[in-house]
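Working notes for the structure below.
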2 protein chains.
Amino acid sequence: MKPTIRDVAKLAGVSISTVSRVMNAPETVVESKRLKVLDAIEELKYQPNSFARGLIYRKSYTLGLLVPDIENMYYAGMIRGMQDACIKLGYSLMICNTDRDPERLLSYIDAFHEKQVDGIVFASDMLFPEYYDKLVGCRIPFVMVSSHCDEYDIPSVEVDDEAAAYDAVKFLIELGHKQIGMIGFNHANSISGPPRMEGFARALKECGLEQNLEKVKYASHRFEHAYEASHELFSEYPDTTAVFCVADEFAMGTISYLKDRNVLVPGQVSVVGFDNIRMAGMFIPKLTTIAQPIYELGYRSAEQLHELVTTGSVKVTREKMKHKLIVRESTRER
Amino acid sequence: MKPTIRDVAKLAGVSISTVSRVMNAPETVVESKRLKVLDAIEELKYQPNSFARGLIYRKSYTLGLLVPDIENMYYAGMIRGMQDACIKLGYSLMICNTDRDPERLLSYIDAFHEKQVDGIVFASDMLFPEYYDKLVGCRIPFVMVSSHCDEYDIPSVEVDDEAAAYDAVKFLIELGHKQIGMIGFNHANSISGPPRMEGFARALKECGLEQNLEKVKYASHRFEHAYEASHELFSEYPDTTAVFCVADEFAMGTISYLKDRNVLVPGQVSVVGFDNIRMAGMFIPKLTTIAQPIYELGYRSAEQLHELVTTGSVKVTREKMKHKLIVRESTRER
DNA sequence: TCCTTCTCTGAAAAGCTTTTCAAATGCAGT
DNA sequence: ACTGCATTTGAAAAGCTTTTCAGAGAAGGA
């Protein structure tokens, strides 16, 4: 049985109040007793029971995180940032992988509610009304990362997807490409799908390349789907010389497809990715991509949640972070 | 303020005991009252306070996981398995990323102790005495995954590293390779380093290829190190035609190095990896590798921990799972 | 020496739930 | 109608900590 504060008190020959004070306000107890208590704590390896504490403080010092896919390196990087922030701020982090299953997401919210997490970071793209209602019903403060919400005023951190996509496509155009395709996210369940599409369109229009507007195929998050999608793209538009992919994993899928068709990248077709996950620099060819500050996004979102939890609101609600084009080896002048 | 059981009781016009019973033993309360209570719960969105419950049950229904590197896809896959098992068994999972920092690991154990997790899955290779002492000091049951412990009788699940390495190298030999190198884990901080080395050696000896025994370079877990290590390997032994890498990420590093030197894989050099992380099938060329049942390893370890936590012991303490050679495109006959 | 003031300590309450135990209610049988 | 039994309900305790409040003791001043 785990030792309690009573055991420590008995061993040290003091009352439980004194033991408690040694831990929470050491300066108020006389040195001789304090030392005895400290010894007793050490000897019993006493650790205050967080249930009892939680009951009193009404805080769990735990944050919850909802991610759609933990096997996606994008989220893995974000988690690192969040966890570092949590250490700094004194929280534990409870990570839940929804696998993009709404049922599962909802049941995780219940679990968070029951565990009394102090707040939730919502990294699962779309905030459906169902989720929103549940969250506010449970009165759990939450923030969004790499996502946002138009209807309600939810704090969020993300990158400017439209501008980032614009930069990527503009880069392709400046390289001399005229036949440009895109592998995008299915709009239905994606927050960043539409703005990235818009960025693509804006760059095209600005340069009089409207004929490419229709060269868009959609995939849903995974390599295999992107592989499929590029098959469709190149079957329909065989003269495409550049592809903008809205995720690095899509870029990999596209390049794999091309490779299987003996099309050289970047020799014959240029591909640019998005996110700059760790793998982007390890792939062959190394991916030219739009870098998101992934770690910082995670870090910042935890800070933001802390701010929300402690002060009840957040200074800047819809924060944007800077993206950056990283030119590596998957693109070439036309 | 969150509603408590009192609020529910008042709203439903019954005592708190009745409310509690509705939740924990519904058949003992008469239907009319039960319905009223259920309505009240619904209306207030009442969720029992897990601190109070934890205090009584002395269980948190939370498991802790210690991983060395969450950005490593190997662990990401394992986490999915664990989390699925946790859902099935009614636990929450608290994932902590140690970044291979002993300080950090120790402080996470403290956090787990304070949070009263019911048990810990230890996925960080080596169980140093320091860790062991702390864990038993805290009286927290724990199991190991993809690792084991020789000194003490700790439940664990893993693959037979020696046999798996043997299979990989044997495969290379059967392909006709005679000059075989290896990129291994630094022994100092790795559990699977030595047995994989032994498997390599056994295959070599069995086939009279002892001259390769010295063609081993070490890297520490990341792509870049493996890149460096293969540079050393090929500088020293330029006639090497096959490399056994003890991790898929090492294989990628090796292939990248070779690519940068214009050496064809598998044309001139064959490379086999280890783990079969998701990325292995996405890389170019697709990796021939030893597949570990990553998801199952995670799943099983959580089950094992549950067994340990509930019954106090585990039927089979040192469980082995089957590996399998998967031949893809990074290897070729000599 | 006695009183005041300050420092330090312990008892008790609060925080929320589950569970035990006793009381109350309902019902059947005589 | 009354006894006895089963069913249902409520009061209270337990689980562990923090915090408030009051009291004890010490120190200092008159």
Side-chain angles (χ1 to χ4, degrees), chain A residues 1-38 40-41 44-62 90 110-111 113-118 138-139, chain B residues 1-38 40-41 44-62 90 110-111 113-118 138-139:
Chain A
M1 192 83 308
K2 293 224 163 96
T4 75
I5 200 171
R6 308 209 103 75
D7 301 314
V8 177
K10 191 176 294 175
L11 185 62
V14 299
S15 77
I16 61 166
S17 326
T18 302
V19 177
S20 177
R21 268 187 286 259
V22 168
M23 296 183 298
N24 301 298
E27 68 284 1
T28 67
V29 14
V30 87
E31 185 167 353
S32 61
K33 300 205 180 189
R34 191 177 31 183
L35 261 32
K36 265 192 279 181
V37 170
L38 254 13
I41 288 177
L44 297 172
K45 292 211 194 303
Y46 167 73
Q47 181 79 234
N49 181 319
S50 70
F51 296 133
R53 293 187 113 155
L55 212 43
I56 291 170
Y57 292 135
R58 285 196 191 70
K59 282 203 69 172
S60 60
Y61 293 98
T62 301
D110 276 333
H113 186 193
E114 196 224 313
K115 286 254 157 43
Q116 330 261 301
V117 299
D118 299 332
C138 295
R139 304 177 193 70
Chain B
M1 193 83 306
K2 293 220 161 96
T4 74
I5 199 171
R6 308 210 103 75
D7 301 314
V8 178
K10 192 176 294 175
L11 184 61
V14 298
S15 75
I16 60 167
S17 324
T18 303
V19 177
S20 177
R21 268 187 286 260
V22 169
M23 296 183 298
N24 302 298
E27 68 283 359
T28 66
V29 12
V30 87
E31 184 166 354
S32 62
K33 300 207 181 189
R34 191 177 31 185
L35 261 31
K36 264 192 280 182
V37 170
L38 255 12
I41 288 177
L44 297 172
K45 292 208 194 304
Y46 168 74
Q47 180 79 235
N49 182 319
S50 70
F51 296 133
R53 291 188 116 156
L55 211 44
I56 292 169
Y57 292 136
R58 286 197 190 69
K59 281 203 71 174
S60 60
Y61 292 100
T62 301
D110 276 332
H113 186 193
E114 197 224 313
K115 286 254 156 43
Q116 329 264 301
V117 300
D118 298 334
C138 295
R139 303 176 195 68

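Here the structure is a predicted model, which means the values were calculated and not measured. Just so we're on the same page: letters track the sequence lines, and every chain starts at 1.
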Original post:
Between A9(B) and S15(B), what is the shortest heavy-atom contact and its length?
Top reply: CB-C, 3.8 Å
**OP:** Write down the distance between CZ (F51(A)) and C1' (dC16(C)), rounded to a whole number of angstrom.
**Re:** 13 Å
**OP:** Give the minimum heavy-atom separation between V8(A) and V19(A), together with the two atoms involved.
**Re:** CG1-CG1, 3.8 Å
Original post:
Closer than 4.0 Å, any side-chain N/O of S20(B) to the OP1 or OP2 of dT18(C)?
Top reply: yes
Subject >> R6(B) atom CZ: more than 12 heavy-atom contacts under 6.0 Å >> reply: no
Original post:
Roughly how many Å is it from OH in Y46(A) to C1' in dT18(D), rounded to a whole number?
Top reply: 10 Å
Subject >> Sugar-phosphate only, base, or nothing, as touched by Y57(B) at under 4.0 Å among non-hydrogen atoms >> reply: sugar-phosphate
Original post:
Once you round it to whole Å, what is the distance between C1' of dT17(C) and CZ of R6(B)?
Top reply: 10 Å
Original post:
Starting at CD of Q116(B) and ending at P of dC16(D), how long is that distance when rounded to a whole Å?
Top reply: 10 Å
Subject >> Short side-chain N/O contact from R53(B) to OP1 or OP2 of dC16(C), under 4.0 Å >> reply: no
Subject >> From CA spacing to verdict: side-chain contact (heavy atoms from CB on, under 4.5 Å), T4(B), N49(B) >> reply: CA-CA 8 Å; T4(B) 74; N49(B) 182 319; over 6 Å; no
Original post:
Are more than 12 heavy atoms from other residues, nucleotides or ligands located less than 6.0 Å from atom NZ of K2(B)?
Top reply: yes
Short heteroatom pairs, N/O only, protein and nucleotides 9-11 of chain C, under 3.5 Å:
{"unit_1": "dT9(C)", "atom_1": "OP2", "unit_2": "V30(A)", "atom_2": "N", "d": "3.3"}
{"unit_1": "dG10(C)", "atom_1": "OP2", "unit_2": "S15(A)", "atom_2": "N", "d": "3.2"}
{"unit_1": "dG10(C)", "atom_1": "OP2", "unit_2": "S15(A)", "atom_2": "OG", "d": "3.0"}
{"unit_1": "dG10(C)", "atom_1": "OP2", "unit_2": "T18(A)", "atom_2": "OG1", "d": "2.6"}
{"unit_1": "dG10(C)", "atom_1": "N7", "unit_2": "R21(A)", "atom_2": "NH2", "d": "2.7"}
{"unit_1": "dG10(C)", "atom_1": "O6", "unit_2": "R21(A)", "atom_2": "NH1", "d": "3.2"}
{"unit_1": "dA11(C)", "atom_1": "N7", "unit_2": "S17(A)", "atom_2": "OG", "d": "3.2"}
{"unit_1": "dA11(C)", "atom_1": "N6", "unit_2": "S17(A)", "atom_2": "OG", "d": "3.0"}

Below 3.5 Å between N/O atoms, which protein atoms pair up with nucleotides 22-26 of chain C? Just atom names and distances, please.
none

Original post:
Can you tell me how far P of dC16(D) sits from NE2 of H113(B), to the nearest Å?
Top reply: 13 Å
Original post:
Do you know the tightest heavy-atom contact between V117(A) and S60(A)?
Top reply: CA-OG, 3.5 Å
Subject >> Sub-4.5 Å side-chain heavy-atom contact between P48(B) and M23(B) >> reply: yes
Show me the donor-acceptor pairs within less than 3.5 Å that the side chains of residues 50-59 of chain B make with the rest of the protein, sequence neighbours left out.
{"unit_1": "S50(B)", "atom_1": "OG", "unit_2": "E114(A)", "atom_2": "O", "d": "2.8"}
{"unit_1": "R53(B)", "atom_1": "NH2", "unit_2": "N24(B)", "atom_2": "OD1", "d": "3.4"}

Original post:
Nearest-Å distance, CG (N49(B)) to P (dA14(C))?
Top reply: 17 Å
Subject >> Contact check, side chains of R34(A) and P26(A), non-hydrogen atoms, under 4.5 Å >> reply: yes
Original post:
Under 4.0 angstrom, heavy atoms only, what part of the nucleic acid is R58(B) near: base, sugar-phosphate, or nothing?
Top reply: sugar-phosphate
Original post:
How long is the line joining CE of M23(B) and P of dT19(C), in whole Å?
Top reply: 10 Å
Subject >> Separation of dC16(D) P from I56(B) CD1 (nearest whole Å) >> reply: 11 Å
